[in-house]
Amino acid sequence: MASDAFQATATQDDSLDLSRSAPNSSPRRQALWRSTATRLGTVLVVVVVCLFWELTARERWMNPIFTGQPVKVLGSLWELIRGNMLWEDVAATVEATLVGVVAASACGIVLAFVLSRLRLVYAVVDPLFVALNSLPRVALAPLFLLWFGIGLESKVFLSASVAFFVVFLNTVAGIDSVDRDHLVLARSLGAGAWQTFRKFVLPSSVPSIFAGLELAMIYGFIGTVTGEMLAGQRGIGVRISYYSGLFRTNHMLAYLFVLMIVTTAIATMLRWVRRRLLRWQSAGVHQMVQ
Amino acid sequence: MPGSTIAVRQVRHWFGLAGPGDARRVSVLDGVSLDVASGEFLAIVGPSGCGKTTVLNMVGGLIDPQHGEVLVNGHRPEIGAPDIGYLFARDGLLPWRTAEANVALPLEIRKAARKDRHRLASQALVAVGLGEFAHAYPAQLSHGMRQRVALARTLVTGPNTLLMDEPFSALDAQTRLALQEQFMRLWQHQSSTVLFVTHDLAEAVALADRLVVFSQRPGRVKAEFPIDLPRPRSVTQLQADASYHRILQQVWDVFKSEVTV
């Protein structure tokens, strides 16, 4: 099911690229065929690995308590899908991550723009940021648990603490990379501070900000799930930790699988938004946009 | 709108050796005076580092002279004044904007009405022969086309002063000739005053009414030549014109002594 969804988006993206780069249809069809074949290959790899995996469990080459068994994982998944708990867990994990990442990203972006104007202040806090950013943030989990308990807040703060620096540093890099020629142009046109920011600096840092956001989302899930695994009431991480403690490997793997689908779906959505926003980046010389 | 008059009076200027604030000074301009009449096309030629771009930036209001004064229409130039159009060697197009949106940029910054923006921008694009590329992104355009978009962006506000800083120097020879030709055609329809900085003598002679040669740093006006070639001119046809080559030779003789010193 997951691989199908993945395949559909991937093929669509590829065909988009093709219509851009190949104006006549014969090489275009060829490339379309090739991309379809590539995706079928991906599916084939998954099928072969799962068959082999199933075999090792059935023939007891390896103990299924440790490895699980694909057919039973599917069974667990089906059972979980029909219940309520899975959905509540997914909602809890996604909610904590989104709240944390969105809030941290907003703070990171705004702070980056503010500090890029206040260079002296930035110079003062920069070493502190470097130190905090080098600290493995998961190590803060006990502190957050102490402060906020085992509810939503701890997870939100953990994912936010990971996401913040990624977005902040990427935004700073984006602001610093603004083209000198553009700033000269802005000045010669008499653009004020706000116009320079709005029309020159902000758009030119969007690619870098987006790279930060995509990473922040992935890191945010790491923060949330780690927090849940350490202590929590609801969430995918809670269940993974719980079922592995009970040696219910198939249930644990079902949850892992769901986690993978959720993160992939969100990453794909972000990538899609980025491509829409940054169409100008992929505009090729032989392409006419309309 | 008649072209502006430009007056540069006894301008001396220096920069800090290692940037602003450095006490060690590099003198760039040493008593430069220039007068540009309304509608005149003046080219400034000189070796690199002679301060010709500094003069241009003073007229544009980007730099204040440390000594002497610069007047445009009798007033101190204001940075970003709408009647001044700049064109640089590098196009500076914003890659996330289409050609038309790039041309409309000066209108947006000067807060022109939305419907005028679109109309004026597409007119300017048509004028430089890029009407059908209105929706193309800069990455999809050749160097020459990009510089033409930049030219349209310069002309879109209908400036009466054009400040051009080696605008065609980054182009290959053939494209450069095509753009010079096109620019001549467009300019000869209007009456704007042009201050044109270049290190290319042939270009200066072909385009300008008058040519000023700067000395090496610190820049001084070393020589001045009226270019008595009839208008309207065609840059391509000038290539086979005897009087064009005669003037070019004269200018070159003066210029040579300055470069080899």
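Just so you know, these numbers use all the heavy atoms, side chains as well, and skip hydrogens, waters and symmetry mates. Below, chain A is the first sequence line, B the second, and so on; all start at residue 1.
- Atoms CG and NZ, on B:Leu94 and A:Lys199 in that order, are 10.0 Å from each other to the nearest 0.5 Å.
- Remark: A:Leu120 CG is loosely packed, at most 12 non-hydrogen atoms of other residues, nucleotides or ligands lying under 6.0 Å away.
- Between the CG atom of B:Asn57 and the CZ atom of A:Arg187 there is a distance of 8.0 Å, given to the nearest 0.5 Å.
- Listed here is the closest heavy atom pair of A:Trp280 and B:Pro95: CB-O, 3.3 Å.
- Neither the backbone nor the side chain of B:Ile84 comes within contact range of chain A; no heavy atoms are under 4.5 Å apart.
- More than 12 non-hydrogen atoms from other residues, nucleotides or ligands lie less than 6.0 angstrom from CZ of B:Phe168.
- In plain terms, the two heavy atoms of A:Leu185 and B:Gly92 that are nearest each other are CD2-O, 3.6 Å.
- Residues B:Lys111 and A:Gln195 meet the side-chain proximity criterion, which asks for heavy atoms closer than 4.5 Å.
- Chain A forms the most heavy-atom pairs under 4.5 Å with one residue out of B:Arg110, B:Glu78, B:Arg97, and that residue is B:Arg110.
- Within a 6.0 Å sphere centred on CZ of B:Arg76, other residues, nucleotides and ligands contribute 12 heavy atoms or fewer.
- Atom OG in A:Ser188 sits 10.5 Å away from atom CG in B:Leu56 (nearest 0.5 Å).
- More than 12 non-hydrogen atoms from other residues, nucleotides or ligands lie less than 6.0 angstrom from CZ of A:Arg119.
- Counting heavy atoms from C-beta outward, A:Asp181 and B:Phe88 have side chains that stay 4.5 Å or more apart.
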